[in-house]
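Report on the structure given below.
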There are 2 protein chains.
Amino acid sequence: MIKKISIGDIATALNISKSTISFIINGKGKEKRISSALTEKVLQYIDENGYKPSRLAQSLSTGKTMIIGLMIEKISDYFFAQMAYHIEEIAYQNGYKIFYCSTDNDPDKTRELIQLFRDRNVDGYIITPPAGMEKEIQSLLDEGSPVVLFDRYYPDIESSYVILDNFKASYNASKYLADNAFAHIAFITLDSNQSQMEDRKQGYAKAMAEHGLEVIIEKIPYGNDPAQTVKQLVRFLRQNKRVDAVYFATNYLAFSGVKAINQLGYKIPGTMAIIAFDDHQVFDFYEPTITAVAQPISELAGQSIRVLLSLLNKPLEERAVQKVIVPAHFIIRDSTARLL
Amino acid sequence: MIKKISIGDIATALNISKSTISFIINGKGKEKRISSALTEKVLQYIDENGYKPSRLAQSLSTGKTMIIGLMIEKISDYFFAQMAYHIEEIAYQNGYKIFYCSTDNDPDKTRELIQLFRDRNVDGYIITPPAGMEKEIQSLLDEGSPVVLFDRYYPDIESSYVILDNFKASYNASKYLADNAFAHIAFITLDSNQSQMEDRKQGYAKAMAEHGLEVIIEKIPYGNDPAQTVKQLVRFLRQNKRVDAVYFATNYLAFSGVKAINQLGYKIPGTMAIIAFDDHQVFDFYEPTITAVAQPISELAGQSIRVLLSLLNKPLEERAVQKVIVPAHFIIRDSTARLL
DNA sequence: TAATTAAACAAAACCAGTTTAGCAAAATGA
DNA sequence: TCATTTTGCTAAACTGGTTTTGTTTAATTA
């Protein structure tokens, strides 16, 4: 168990002061008029004895931890796991480490987690906020903490965010079905008032209105277990026999939807066309392949962390709110084919 | 921007010393013979003014950061994302935060990441090590850092680990196919010498030997892109027409395998039975549903973090190496049915 | 040549805690 | 009654850095 060497040890060994060493390490040698001879000597000593400054001590004195708090709905979810992967990569390239946590979309848990991150002095936050966290987010902003909301946002709060253009993406997907002569298009969504869900619904509604089609919406309780959802959807489809296309607001709703449709013995495509919002690796491998609105995850993640880094690199007064809206990709696959 | 109050501020305000406050906060009041009157007064002040000790300062002086370093192959992978979710939960319950990172199974990257975590003074590690990291892991152990290896381990190193009983699970799955009269069972695996992959191969080989069946193994290069894998598998199946069952060593190999099998126009089940190692939510939703060897992720994760916590809670000399081997669940679904 | 400036570094304060050693007053004991 | 112990707390050292202020000596400048 070799104990690590500290800046004080070097100071003693070379018989110079800690400050001198600190200046040299931080590249302030010339500025502070340290002779190149001494600079050389110190750097060599460091090199030979493998010194690394303690991040803890640095953090304590500078107030910066070089830690980013990543609060997402659920790390085990495909979409967020992908997010985490991309964010991690860029954060590490920039010398940041990441604390992650899953909010489970629970306001109380989220409140606690924000407090925990705050206690740990994270330098900045990337958050997919549950509904109703306005006060907490605002208080982070008031403290001067860089915050980037992700996936959803609060219209009433002046914070940076990175989101998908849910409205347009949803409109386009719905319009596609309508343009292809599907006449009874159902929208299966979550019973949630989060901004992204609301936008998806609005996009669907607009497309229906433009085509003079009926709005058929079925809401699934948030956090339902899949089996329950399947049951509810079977019931729904039985009661709405005229429905010839189903548009699911999330990919896991589509999973349950497909099960329900299969249970009813309907054919995809043929009896029923389907589209899922939020692509999944499986949609491309399932038979039939499933048409989806794809979120460009790597771009969303990249934008989020880049916006946060740009905030972190600027002094408080220069930080401008950045609102990024990323367009979705519409991937047409077999599940929306029009059979002759 | 309200600046936080420090222990020094309280000391000044109450005109007592910092040490007294520190003792009280840490429950050493009686031990240090602080009067209950003063204790009460301090606690009340803290309560009223919302004081929280700085974790940074605590970490600096105690040497404990209450941070766990979680190094997994890839956070975006379903299995590891689930792991991360469960580990997070238990860690947070115990006051720990988590740094995560993805090794991508790259030894150089992993070496760097270990160094980064070490520099950050994480208290303990949970690691799914790439092949050839023996030296680095050993050096962590030599330093006295609690380490739990996960998913795979090094036979030559005396470290704690939590792994699946890959050999037995693989043996059982292979035996199931043989018992059900499949006669030419191929094993599709990765070109990797990691312990878990080796164990899976051995399990398969033993079952084949016991049934006097031919060993047919196809290795896919690690990190292949799925399209490449599909091509390779199509070629393999064309050249091995006698194969009537395929057993995939990972779930994503099975994804590519199903695509390949579909491309060839084979029926599952019927022409071909398949089993995948490592269950996936999709296997239960695909038509046909796919038989799989399921890793009890929540148990694996729970054991890992619990073993680590038990190490963290003990002084160095009391820490015993803990080797946990968890049995798998074999989930029989439609893809291995024997059609009449 | 004396005053000023620059060079090169050191000392000390600071971040916010923990912990060891110590000290005065009160209580106990012989 | 005086020495010893206990009580109740404080001072100071320590964790390992950063940053502001000081100090000495040498080189310029007037």
Side-chain angles (χ1 to χ4, degrees), chain A residues 1-43 45-46 49-67 95 118-121 123, chain B residues 1-43 45-46 49-67 95 118-121 123:
Chain A
M1 180 114 74
I2 337 93
K3 64 171 178 297
K4 282 183 196 162
I5 124 177
S6 80
I7 198 169
D9 298 334
I10 305 181
T12 310
L14 297 182
N15 199 31
I16 57 178
S17 87
K18 293 197 300 176
S19 35
T20 305
I21 302 172
S22 177
F23 292 142
I24 292 175
I25 291 173
N26 296 308
K28 297 185 182 166
K30 294 124 267 176
E31 185 188 332
K32 294 291 177 178
R33 297 183 298 261
I34 309 295
S35 67
S36 54
L38 186 55
T39 302
E40 195 50 44
K41 189 170 157 193
V42 169
L43 290 178
Y45 186 93
I46 288 175
N49 299 70
Y51 164 73
K52 287 236 180 163
S54 151
R55 274 235 154 269
L56 277 174
Q58 285 183 325
S59 296
L60 184 58
S61 69
T62 61
K64 306 241 136 290
T65 53
M66 299 299 281
I67 296 174
R118 188 190 252 143
D119 292 347
R120 292 285 191 145
N121 298 287
D123 287 346
Chain B
M1 181 113 74
I2 336 94
K3 63 169 179 301
K4 281 181 197 162
I5 129 177
S6 78
I7 199 170
D9 297 334
I10 304 180
T12 310
L14 297 182
N15 199 31
I16 56 177
S17 86
K18 295 196 299 175
S19 31
T20 305
I21 303 172
S22 176
F23 293 143
I24 293 175
I25 291 173
N26 295 307
K28 299 185 182 164
K30 294 122 268 175
E31 183 188 334
K32 294 293 177 178
R33 299 181 297 261
I34 309 295
S35 68
S36 54
L38 186 53
T39 301
E40 195 49 46
K41 190 171 158 193
V42 169
L43 290 178
Y45 186 93
I46 287 176
N49 299 70
Y51 164 74
K52 289 235 179 162
S54 152
R55 275 234 154 270
L56 277 174
Q58 283 183 326
S59 296
L60 184 60
S61 66
T62 60
K64 306 240 136 290
T65 53
M66 300 298 281
I67 295 174
R118 188 191 252 143
D119 292 347
R120 294 285 191 144
N121 298 286
D123 287 347

Listed nucleotide nearest any side-chain atom of [X], set [options]:
| X | options | value |
| --- | --- | --- |
| B:L38 | C:dT18, C:dC9, D:dC9 | D:dC9 |
| A:I7 | D:dT18, C:dT20, D:dG8 | D:dT18 |
| A:A57 | D:dG17, C:dG17, D:dA11 | D:dG17 |
| B:T62 | D:dT19, C:dT18, C:dT20 | C:dT18 |
| B:N26 | C:dG17, D:dG16, C:dT18 | C:dT18 |
| B:K18 | C:dT18, D:dT18, C:dT19 | C:dT18 |
| A:L60 | D:dG16, C:dC9, C:dT18 | D:dG16 |
| B:S6 | C:dA16, D:dT10, D:dT20 | C:dA16 |

Rounded off to whole Å, could you give me the [atom1]-to-[atom2] distance for the [X] and [N] pair?
| X | N | atom1 | atom2 | answer |
| --- | --- | --- | --- | --- |
| B:F23 | C:dA16 | CZ | P | 20 Å |
| A:R120 | C:dA16 | CZ | C1' | 15 Å |
| A:R55 | D:dT18 | CZ | C1' | 13 Å |
| B:I24 | D:dT10 | CD1 | C1' | 13 Å |
| B:D9 | C:dC14 | CG | C1' | 13 Å |
| A:E31 | C:dA6 | CD | C1' | 16 Å |
| A:K32 | D:dT19 | NZ | C1' | 7 Å |
| A:I21 | C:dA10 | CD1 | C1' | 12 Å |

Is any side-chain nitrogen or oxygen of [X] closer than 4.0 Å to OP1 or OP2 of [N]?
| X | N | value |
| --- | --- | --- |
| A:S17 | C:dA10 | yes |
| B:S54 | C:dA16 | no |
| B:Q58 | C:dT18 | yes |
| B:S22 | C:dT18 | yes |

At their closest point, which heavy atom of [X] faces which heavy atom of [Y], and how far apart are they?
| X | Y | answer |
| --- | --- | --- |
| B:I5 | B:Y51 | O-CD1, 3.2 Å |
| B:S17 | B:A11 | C-CB, 4.1 Å |
| B:S54 | A:L60 | OG-CD1, 4.5 Å |

Please report the interatomic distance [atom1]([X]) to [atom2]([Y]), rounded to the nearest 0.5 Å.
| X | Y | atom1 | atom2 | answer |
| --- | --- | --- | --- | --- |
| B:I34 | B:I16 | CD1 | CD1 | 8.5 Å |
| B:I21 | B:N26 | CD1 | CG | 11.5 Å |
| B:T20 | B:I10 | OG1 | CD1 | 12.0 Å |
| B:I25 | B:T39 | CD1 | OG1 | 11.5 Å |
| B:T62 | B:R55 | OG1 | CZ | 8.0 Å |
| B:S59 | B:R120 | OG | CZ | 12.0 Å |

Determine the contact category for [X]: base if any of its heavy atoms lies under 4.0 Å from a base atom, sugar-phosphate if only primed atoms, P, OP1 or OP2 are that close, otherwise nothing.
| X | answer |
| --- | --- |
| B:K28 | sugar-phosphate |
| A:N15 | sugar-phosphate |
| B:T20 | base |
| B:K64 | nothing |
| A:S19 | base |
| A:I16 | sugar-phosphate |

Using a cutoff of under 3.5 Å, can you pull out all pairs of nitrogen or oxygen atoms linking the protein to nucleotides 24-26 of chain C, with atom names and distances?
none

If you pin A:I34 and B:K52 to their nearest nucleotides in DNA chain C, which one's is more 5'?
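Looking at the nearest nucleotide for each, A:I34 comes out on the 5' side.
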
Taking the nucleotide of DNA chain D with the nearest heavy atom to each, does A:I25 or B:S35 sit closer to the 5' end?
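Of the two residues, B:S35 wins.
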
